[in-house]
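Throughout, residue positions are numbered sequentially from 1 according to the sequence presented. Given the structure is predicted, the values throughout are model-derived calculations rather than measurements.
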Amino acid sequence: MEVIFRIKRFDGGSSYWDEFKVPINMTVLEALFYIKENIDSTLAFRAFCRMGICGSCAIRINKKPMLACETQISKLEKETIELEPLKNFNVIKDLVTDFEGFFKKQKLAKPYLIRKSKGEIQQTPKQLEEYYKYTLCIKCGACVSACPVAKRCLGPAPVVAAHRFNRDSRDEGKEERLKALSDHIWHCHFVSDCSEVCPKNLHPAEVVQKVRLEVLKFNLGW
Ligand code: SF4
Ligand code: FES
């Protein structure tokens, strides 16, 4: 059995739609490799781990940002499947987008341990539990693609990264981080599309609200 892939392509000048027949019994990423190896070697897409870890293969599948390597074509239950590059990112070629702006925004959120004191730090399993979930963010950009206001603010992913370190008992930079975030997190309307699409179920929309409350308290000196 086969399905049709309708792929939005971009050659550096203009964009256009291209159609390919692919077997149904594979993932979207495997089908993209199938096209590249058997039909059109010029098709560009990004992938690495093929197992939901590296975050490179996020694209829009039938308008929803998803990981191509984790999406079985048969589960989509459609005869025609539209593939497009992530929204809110500049397109380099076909399904490949530019992540430079994304990583610049991550940096602004100071996603690293800030220590003022020296020496060995011990952490209990309970303290690890406080932030461990947020270490699972794979920087895939799906949440940013789904966000209706991402172009006007930081977008959800950097806030998740900041939250991860704010909850880490070894960190001493929470105030610094909240200060850095305070001008960049107020555009969110709590639409929650980011939480709908996050492949790691990190609920970025909820994290943004939590961090906003923390920034508010910090700004009021509470
Ligand atoms: Fe991807 Fe979720 Fe991290 Fe956003 S928060 S970059 S959707 S893993
Ligand atoms: Fe690494 Fe899909 S190829 S997450």
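Classification of Lys104 and Glu100 as a salt-bridged pair holds, one side-chain N sitting under 4.0 Å from a carboxylate O. With respect to the salt-bridge test (charged N to carboxylate O, under 4.0 angstrom), the residues Glu82 and Lys8 do not qualify. A salt bridge does not link Lys179 with Glu175: none of the charged nitrogens is closer than 4.0 Å to a carboxylate oxygen. With respect to the salt-bridge test (charged N to carboxylate O, under 4.0 angstrom), the residues Asp40 and Arg9 qualify.
Checked by atom type and distance alone, the side chain of Lys105 pairs as donor or acceptor with a backbone atom of Cys153 at under 3.5 Å. Looking only at distances, no side-chain donor or acceptor of Asn219 sits under 3.5 Å from a matching main-chain atom of Ser182. In this structure a side-chain-to-backbone donor-acceptor pair under 3.5 Å is present from Gln209 to Ala205. Judged by distance alone, with hydrogens and angles left aside, the side-chain atoms of Asp193 form no donor-acceptor pair with the main-chain N or O of Glu196 at under 3.5 Å. Looking only at distances, a side-chain donor or acceptor of Ser145 sits under 3.5 Å from a matching main-chain atom of Lys87.
Taken to the nearest 0.5 Å, the NZ atom of Lys93 stands 10.0 Å off from the CZ atom of Phe10. For the atom pair Tyr34 OH and Ile39 CD1, the distance stands at 5.0 Å (nearest 0.5 Å). The distance from the CD1 atom of Ile24 to the CD atom of Glu77 is 9.5 Å, given to the nearest 0.5 Å. Atom NZ of residue Lys36 and atom CZ of residue Phe20 lie 10.5 Å apart, to the nearest 0.5 angstrom. From Thr135, atom OG1 reaches atom CG of Leu128 across 8.0 Å, with rounding to the nearest 0.5 Å. Rounded to the nearest 0.5 angstrom, Arg46 CZ and Ser56 OG are separated by 7.0 Å.
Using a 4.5 Å heavy-atom cutoff, the side chains of Thr27 and Thr71 are not in contact. Two residues are said to be in side-chain contact when any heavy atoms from C-beta on lie closer than 4.5 Å; Arg164 and Cys137 fail this criterion. You'll find the side chain of Val144 stays beyond 4.5 Å of the side chain of Leu86, heavy atoms only. In this structure, Val207 and Leu202 have side chains that are not in contact, with every pair of non-hydrogen atoms separated by 4.5 Å or more. Looking at heavy atoms from C-beta onward, Leu181 lies out of side-chain contact with Glu214 at the 4.5 angstrom threshold. Residues Leu216 and Trp186 meet the side-chain proximity criterion, which asks for heavy atoms closer than 4.5 Å. Looking at Ile114 and Arg177, their side chains come closer than 4.5 Å, going by heavy atoms from C-beta outward. The shortest side-chain heavy-atom distance between Gln123 and Asp168 falls under the 4.5 Å cut-off.
Taking the ring axis of Phe190 as reference, the NZ or CZ atom of Arg212 does not stay both within 45° of it and closer than 6.0 Å to the ring centre.
Within 6.0 Å of atom CD in Glu79, 12 or fewer heavy atoms from other residues, nucleotides or ligands are found, so the atom counts as exposed in its surroundings. Residue Phe103 places its CZ atom among more than 12 non-hydrogen atoms of other residues, nucleotides or ligands, all under 6.0 Å distant. Other residues, nucleotides and ligands contribute only 12 or fewer heavy atoms inside 6.0 Å of the CD atom of Gln122. Around CG of Asn90, the count of heavy atoms belonging to other residues, nucleotides or ligands within 6.0 Å does not exceed 12.
A centroid separation of 6.0 Å or more is found between the aromatic rings of Phe165 and Tyr134.
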Working for side-chain contact (heavy atoms from CB on, under 4.5 Å), residues Lys21 and Ile4: CA-CA 5 Å; Lys21 271 190 187 160; Ile4 307 281; 3.7 Å; yes
Working for side-chain contact (heavy atoms from CB on, under 4.5 Å), residues Val197 and Lys64: CA-CA 7 Å; Val197 302; Lys64 186 176 174 186; 4.0 Å; yes
Working for side-chain contact (heavy atoms from CB on, under 4.5 Å), residues Ile7 and Asp94: CA-CA 8 Å; Ile7 303 182; Asp94 300 338; 5.6 Å; no
Steps toward side-chain contact (heavy atoms from CB on, under 4.5 Å) verdict (Val191, Val149): CA-CA 10 Å; Val191 169; Val149 294; over 6 Å; no
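Nearest heavy-atom pair, Ile73 versus Val28, reported as atom, atom and distance to 0.1 Å: CG1-N, 4.0 Å. Nearest heavy-atom pair across Glu70 and Gly52 is OE2-CA, 3.7 Å. Val91 and Pro85 make their closest contact through CG2-CG, 3.7 Å (heavy atoms, listed as atom of the first residue, atom of the second, distance). Counting all heavy atoms, side chain and backbone alike, Gly141 lies closest to Phe102 at CA-CE1, 3.9 Å. Taking both residues in full, the closest heavy atoms of Ala142 and Pro199 are given as CB-CD, 4.4 Å, listed atom of the first, atom of the second, then distance. Across all non-hydrogen atoms, the minimal contact from Ala180 to Lys110 is CB-CE, 4.0 Å.
Side-chain contact, Ser117 with Glu172: a donor N or O sits under 3.5 Å from an acceptor N or O.
Hydrophobic clustering keeps Phe99 apart from Phe45 (ILVMFWY residues linked when any side-chain heavy atoms are closer than 4.5 Å, directly or through intermediates). A continuous path of ILVMFWY side-chain contacts below 4.5 Å connects Met26 to Leu76, so both sit in one hydrophobic cluster. Linking Ile, Leu, Val, Met, Phe, Trp and Tyr whenever their side-chain heavy atoms come within less than 4.5 Å leaves Met66 and Phe48 in two separate clusters. Under the 4.5 Å side-chain heavy-atom criterion for ILVMFWY residues, no single connected hydrophobic cluster contains both Val96 and Phe89. Residues Ile81 and Leu95 share a single hydrophobic cluster, defined by chaining ILVMFWY side chains whose heavy atoms lie under 4.5 Å apart.
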